[in-house]
**Q** 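Have a look at this one.
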Amino acid sequence: MNNVSHLECSSCGKHWAARKIYNLCPECKMPLLVRYDLKAAKEQLIREKLNSRRKDMWRYREVMPVVDDANIVSLGEGYTPLLPARKLGRVAGLENLMIKDESPNPTASFKARGMAAAISMAKELGIQKVVVPSAGNAASAMAAYAAQAGMEAHIFMPKDVPRANYVECTSFGARVTLVDGLISDCGRLVAERKDKEGWFDVSTLKEPYRIEGKKTMGYELAEQLDWRLPDWIVYPTGGGTGLIGMWKAFEEMEAMGWIDSKRPRMVTVQASGCAPIVKAFHEGATKATSWPDARTIAAGLRVPGAIGDFIMLDVLRKSGGTAVMVSDEELKAAVTDIGKHEGIFCAPEGAACWPAVRKLQSDGSIRPEDRVVMFNTGSGLKYLDVLGD
Ligand SMILES: *Cc1c(COP(=O)(O)O)cnc(C)c1O
């Protein structure tokens with residue numbers, strides 16, 4: 001059961017046959033996107049019948065890339081709650097503030113969605129060894145799904161990575177190399193060694209399927225809001241997989257007649273110590289330049305250069321959205337603010353959405369009656385060495 005028609009390059013537009021192993025577009029080395037026969041999908045996947053489906057991200061099976069069900073590697077990812085943030089909303093004078101809480105995912109972050117899809121496809125394509133350079137949650141999620149799939153997992157982490165992520169990865173049986181350097185140095189080591197070692201690189205947007213997992217956040221949001229998307233989606237952005245994925249979900253749902261053409265304004269939130277997309281957005285650039293000396297406690301936002309920058313900037317502009325930066329002090333304070341009002345222990349990345357919402361309110365962009373969804377992308381429990389005092 002599968003409706004994939006082909007893969008399409010996000011930059012040169014060239015089409016590539018499905019069911020083959022790709023990293024980037026073989027021609028222009030840019031990210032590939034999965035395309036479906038949505039007419040066929042629409043016949044099989046009936047919006048009104050979703051209720052009886054499995055309660056994880058695979059409930060949208062017909063718009064997922066795996067062919068054989070037996071290749072689905074799952075730990076129960078997705079189907080996370082969309083919580084009304086009533087008390088926080090009252091503080092801000094917002095009537096419809098919501099939090100899509102991704103912390104209940106396996107390995108306690110939304111990286112589980114992307115990695116479940118990527119590892120399932122790796123299994124389907126006969127890949128046995130996977131590798132990722134990661135400062136945190138991507139590594140944990142990859143290690144968990146690789147363990148479930150019986151694959152060999154190799155991880156290159158900067159040696160100052162949060163301890164939780166390191167211990168988690170070794171507990172999943174991954175082979176972890178701690179690198180004396182930055183995430184970019186980890187990436188370089190992976191690039192040097194992967195061909196010789198026969199490792200498949202599952203870095204963000206460097207393989208086509210993590211996006212397919214992350215896009216299910218868009219499907220879920222629509223389903224949970226009874227097919228009326230919110231006015232604003234506020235999203236802590238690193239590599240941009242979630243932002244790009246949700247936008248893709250909206251296009252697919254519109255093509256299937258599930259939603260209309262109205263889109264939420266998409267807001268990228270980054271830390272002021274690493275805000276390449278915010279800078280590029282406000283400069284009117286179509287690509288971002290690499291951020292020197294990237295620093296923030298929000299490890300998932302410590303992405304100085306993202307290969308999908310041009311797609312993110314396009315999405316932000318098309319949606320009428322914007323990009324906001326918040327300081328580490330602000331996002332740290334937000335962890336406590338959200339915690340004490342809502343009982344959610346946010347990852348600092350997710351918490352950053354709150355000061356961003358406040359800024360957009362004070363400049364008059366967000367109005368009191370607007371429906372606003374903030375994404376809490378992970379659990380604060382992974383960050384005990386940088387949170388609290
Ligand atoms: C990776 C990560 C992000 C950034 O996600 P992208 O979709 O790659 O932009 C945000 N928050 C947390 C907790 C993360 O682990």
Side-chain angles (χ1 to χ4, degrees), residues 31 77 80 99-115 117-118 132-144 157 161-162 164-165 168-169 183 202-207 209-218 233-249 266-271 274-278 288 291 294 296-309 311-313 315-316 323 326 331 334-335 338 344-354 356 374-384 386-387:
E77 53 288 338
T80 57
I99 297 177
K100 177 75 170 155
D101 187 12
E102 290 290 301
S103 64
N105 271 303
T107 69
S109 90
F110 72 160
K111 290 289 192 303
R113 295 180 189 260
M115 286 300 179
V132 77
S134 167
N137 291 321
S140 315
M142 187 192 81
M157 292 180 155
V161 76
N165 293 104
E168 209 179 359
C169 289
I183 186 71
V202 294
S203 297
T204 301
L205 287 168
K206 288 192 182 160
E207 61 77 59
Y209 304 109
R210 280 174 67 180
I211 287 242
E212 296 304 296
K214 285 259 189 102
K215 84 178 179 189
T216 59
M217 296 190 293
I233 290 179
V234 186
Y235 183 84
T237 308
T241 333
L243 190 85
I244 298 166
M246 281 193 276
W247 195 254
K248 184 172 187 287
M266 307 294 282
V267 180
T268 270
V269 184
Q270 297 195 304
C274 181
I277 301 298
V278 180
W291 192 274
T296 166
I297 62 158
L301 307 185
R302 218 184 292 137
V303 181
I307 189 165
D309 57 358
I311 316 177
M312 281 186 257
L313 289 162
V315 166
L316 296 180
V326 306
L331 59 85
V335 171
I338 300 172
I344 302 169
F345 187 22
C346 289
E349 294 88 342
C353 294
W354 172 233
M374 306 192 290
F375 267 82
N376 175 38
T377 45
S379 168
L381 288 171
K382 295 278 187 89
Y383 302 80
L384 297 183
V386 291
L387 293 176

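Order of listing sets the numbers, starting from 1, for every ligand and every atom in it. Worth knowing before you read on, the calculation uses all heavy atoms, side chains too, and leaves out hydrogens, waters and symmetry mates.
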**Q** Which of the atoms of ligand 1 are close to Y235, meaning less than 4.0 Å from one of its heavy atoms?
**A**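 In order of numbering, the contacting atoms are 5 (O), 6 (P), 7 (O), 9 (O).
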**Q** Side-chain donor-acceptor pair under 3.5 Å between K100 and N376, yes or no?
**A**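 K100 vs N376: no donor-acceptor pair found between side chains.
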**Q** Can you check whether P276 reaches Q270 side chain to side chain, under 4.5 Å on heavy atoms?
**A**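 They are in side-chain contact.
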**Q** Report the relative orientation of the aromatic rings in F110 and Y235; use parallel for angles under 30°, tilted for 30 to 60°, perpendicular for over 60°.
**A**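 Rings of F110 and Y235: tilted, 30 to 60°.
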**Q** Is any NZ, NE, NH1 or NH2 atom of the basic residue among K248 and E212 found under 4.0 Å from an Asp or Glu carboxylate oxygen of the other?
**A**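 A salt bridge is present here (some side-chain N lies under 4.0 Å from a carboxylate O).
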**Q** Out of all atoms in ligand 1, which are within 4.0 Å of some heavy atom of T241? Include the element for each.
**A**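 Answer for ligand 1: 6 (P), 7 (O), 8 (O), 9 (O).
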**Q** What do you reckon, does A138 put a non-hydrogen atom under 4.0 Å from ligand 1?
**A**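 A138: no contact with ligand 1 (<4.0 Å).
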**Q** Decide whether an N or O pair under 3.5 Å exists between K214 and ligand 1.
**A**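 Yes, there is a polar N/O contact under 3.5 Å.
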**Q** Which is it for N137 and ligand 1 at heavy atoms under 4.0 Å: side chain, backbone, both or neither?
**A**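 Side chain only.
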**Q** Does either side chain, that of T107 or that of S140, offer a donor lying less than 3.5 Å from an acceptor on the other one?
**A**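 Side-chain D/A pair, T107 to S140: absent.
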**Q** Quick one about T377 and E349 (side-chain donor to acceptor, distance below 3.5 Å, no hydrogens or angles considered), yes or no?
**A**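 Judged by distance alone, the side chains do not pair up.
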**Q** Indicate yes or no: at least one non-hydrogen side-chain atom of I277 is less than 4.5 angstrom from one of L316.
**A**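 A side-chain contact under 4.5 Å exists here.
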**Q** Is any N or O atom of L243, backbone or side chain, closer than 3.5 Å to an N or O atom of ligand 1?
**A**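 No.
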**Q** Would one find an N or O of K111, backbone or side chain, under 3.5 Å from an N or O of ligand 1?
**A**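 Yes - when backbone and side-chain N and O of K111 are compared with those of ligand 1, one distance drops under 3.5 Å.
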**Q** Of the backbone atoms (N, CA, C, O) and the side-chain heavy atoms from C-beta on, which set of Y383 has a member under 4.0 Å from an atom of ligand 1: side chain, backbone, both, or neither?
**A**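 Only the side chain of Y383 comes within reach of ligand 1.
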**Q** Would you say the side-chain atoms of T241 and R113 include a donor-acceptor pair closer than 3.5 Å?
**A**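 Distance-only check fails for T241 and R113.
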**Q** Give the atoms of ligand 1, by number and element, whose distance to some non-hydrogen atom of G242 is under 4.0 Å.
**A**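 It comes down to these atoms of ligand 1: 7 (O).
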**Q** Only heavy atoms of T237, strictly under 4.0 Å: list the atoms of ligand 1 that pass.
**A**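 Every atom of ligand 1 under 4.0 Å from some heavy atom of T237: 9 (O).
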**Q** Go through ligand 1 atom by atom and flag the ones less than 4.0 Å from a non-hydrogen atom of P236.
**A**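 Reading through ligand 1 atom by atom, the close ones are 4 (C), 10 (C).
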**Q** Is it true that G136 lies under 4.0 Å from ligand 1, counting heavy atoms only?
**A**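 The answer is no: ligand 1 sits nowhere under 4.0 Å from a heavy atom of G136.
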**Q** Within the structure provided, determine whether Y383 and V386 are in side-chain contact (heavy-atom separation under 4.5 Å).
**A**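 The answer is yes; the side chains approach within 4.5 Å.
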**Q** What protein heavy atom sits nearest atom 11 (N) of ligand 1, and how far off is it?
**A**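 Sorting protein heavy atoms by distance from atom 11 (N) of ligand 1 puts T377 OG1, 2.7 Å first.
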**Q** For a quick test of reading the model, state the closest non-hydrogen atom pair linking A351 to A334 and the distance between them.
**A**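 Closest pair (atom of A351, atom of A334, distance): O-CB, 3.3 Å.
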**Q** Can you tell me which residue and heavy atom of the protein come closest to atom 6 (P) of ligand 1, and the distance to 0.1 Å?
**A**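 Residue, atom and distance for the closest contact: G240 N, 3.4 Å.
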**Q** When you compare ligand 1 with F110, is there at least one nitrogen or oxygen pair between them that comes in under 3.5 angstrom?
**A**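 Such a contact does not occur with ligand 1.
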